[in-house]
Amino acid sequence: MTSSVLQTYNRAPLHFVKGEGTWLIEEDGRRFLDLGSGIAVNALGHAHPDLVAALTQQASQLWHVSNLYEIPQQEALATALTDNSFADRVFFTNSGTEACELAVKMARKYWYDKGQPDKVDIITFSGSFHGRSSAGIAAAGSEKMVKGFGPILEGFVHVPWGDHDAFTAAITDTTAAVLIEPVQGEGGIRPLPDQCLKGLRDICDEKGILLVLDEVQCGVGRTGKLFAHEWAGIAPDIMMVAKGIGGGFPLGAVLATEDAASGMTVGTHGSTYGGNPLGCAVGKAVIDRVADPAFLDGVNARAGRLRQKLESLVASHPDIFEGVRGAGLMLGLKTKVAPTDFVQAGYAAEVITVPAADNIVRLLPPLNITDAEIDEAVARLDRAATQMTAASQPE
Ligand code: PLP
């Protein structure tokens, strides 16, 4: 089919016309179990009544006013976030990439204002993903991301994921910050062990470096805490969130301590849409639900059930799977087959998964997936694996 759309995606020929909780309905009537959630976006599933009510109520009142005026919905969401996190200040964006842009600017401006303008370098890690803007691709640094898009924004120092010695060796007088995902998403569901995140925090404190966490994919309840770093008992200076915070409405944010945010004064940053009433009304409904400790307890219980069932699935299909890894409801099946082939087999079994690097198939279901849906989803994954094995047998 010819398309007028820029062809930057390899799209499956699926036309979803409706979403209901954990289910996506194709135009031909097939009902798919959605273990992708729009890549960790639909935190409360599709068409959650609280979010529909928040959106429609706000839509009937006021969609947009500029940030030249005080926006009560923005204030309310910012307060909900600061009440439930390390942060004192919040800036709203429309995406994770824009959050990355601000996080980088904020870290550099911090040191500039402290009289150390040479501290501009940001240490990042192999396999990371921080978005597709010029700063985002420079931060990730992989050839796949940057090739052909030069000149690449300077000031990013890349070290291998999990290599403590390489990290400490990379720190110099010009290091401004370290930027890391507590659980890598696109890089293949790679959780940073809690003691490593604690160690990073200690080194940052010792050397005078800002710790910037990218919780765009792993934040907002995905790992069973509101923010993934809470498992390590540490707090960052700056944090990027997006995806789940809007539950499907385009919304992102940068959260920061008062000190880390101190350079971002009037006129240093802005956004036309960021923090508009519609997005913030929906975001508030998401946070009200997800920050509830009882809801997070439920996420952990469901995560335990899914993980256990996936371990059995892996054991039953040693020709297809190598293992399962991840945190909470951010899980990865390591495959022996091409992950995109398994995702395709999943489509045939009417279950949605998402491929990632390092031979990983990602499972990022809505956080409120039911136990019965978990059981049905794993049964469908089992069917997909069985079908792949059968297809690979000689006639
Ligand atoms: N950071 C992480 C960890 C992500 O997973 C993503 C998106 O996948 C981004 C940043 C970019 O977010 P967005 O696509 O909303 O711009």
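Whatever order the structure lists them in is the order used to number ligands and atoms, beginning at 1. Given the structure is predicted, the values throughout are model-derived calculations rather than measurements.
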**Q** Would Lys243 count as a contact residue for ligand 1, given that I'm defining contact as a non-hydrogen atom of the residue lying under 4.0 Å from a ligand atom?
**A** yes
**Q** Taking the basic N atoms (NZ, or NE/NH1/NH2) and the acidic carboxylate oxygens, is any pair closer than 4.0 Å for Lys198 and Asp202?
**A** no
**Q** Check each atom of ligand 1 against the heavy atoms of Gln217 and keep those under 4.0 Å away; list them by number with element.
**A** 5 (O), 8 (O)
**Q** Is the cationic atom of Arg302 (NZ for Lys, CZ for Arg) positioned less than 6.0 Å from the six-membered ring centroid of Phe295 and within 45 degrees of its normal?
**A**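 Verdict for Phe295: a cation-pi partner in Arg302.
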**Q** Do Gln184 and Gln217 get their side chains close enough for a donor-acceptor pair, meaning under 3.5 Å?
**A** no
**Q** Short list, please: which atoms of ligand 1 are under 4.0 Å from a heavy atom of Glu181?
**A**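 That gives atoms 3 (C) of ligand 1.
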**Q** Do Phe86 and Phe227 have their ring centres less than 6.0 Å from each other?
**A** no
**Q** Please identify which of these residues, Ile369, Ile189, Leu310, meets the side chain to side chain contact (heavy atoms under 4.5 Å, CB included) condition with Leu363.
**A**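 That would be Leu310.
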**Q** Is it the side chain (CB and beyond), the backbone, both or neither of His130 that lies under 4.0 Å from ligand 1, heavy atoms counted?
**A** backbone
**Q** Sequence neighbours excluded, which residues qualify as ring pair (Phe, Tyr, Trp, His ring centres under 6.0 Å) partners of Tyr273?
**A**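 So Tyr273 forms a ring pair (Phe, Tyr, Trp, His ring centres under 6.0 Å) with His64.
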**Q** Under a 4.0 Å N-O cut-off, is there an ion pair linking Lys309 with Asp371?
**A** no
**Q** Which atoms of ligand 1 sit under 4.0 Å from any heavy atom of Glu186?
**A** 8 (O)
**Q** What residue and heavy atom of the protein are closest to atom 15 (O) of ligand 1, and at what distance?
**A** Gly96 N, 2.8 Å
**Q** Can you tell me which residue and heavy atom of the protein come closest to atom 14 (O) of ligand 1, and the distance to 0.1 Å?
**A** Thr97 OG1, 4.3 Å
**Q** Relative to ligand 1, is Val216 under 4.0 angstrom through side chain, backbone, both or neither, heavy atoms considered?
**A**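 Side chain only.
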**Q** I need the nearest protein heavy-atom contact for atom 1 (N) of ligand 1: residue, atom name and distance, please.
**A** Asp214 OD2, 2.7 Å
**Q** Can you find an N/O atom of Glu98 closer than 3.5 Å to an N/O atom of ligand 1?
**A**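 There is no such contact.
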**Q** Output yes when the distance from some N or O of ligand 1 to some N or O of Gly131 is under 3.5 Å, and no in every other case.
**A** no
**Q** Backbone N or O of Leu331 within a donor-acceptor pair of the Arg362 side chain at under 3.5 Å?
**A** no
**Q** Which ligand 1 atoms does Ser95 reach within 4.0 Å, using its non-hydrogen atoms?
**A**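 Near Ser95, meaning under 4.0 Å from one of its heavy atoms, ligand 1 has 15 (O), 16 (O).
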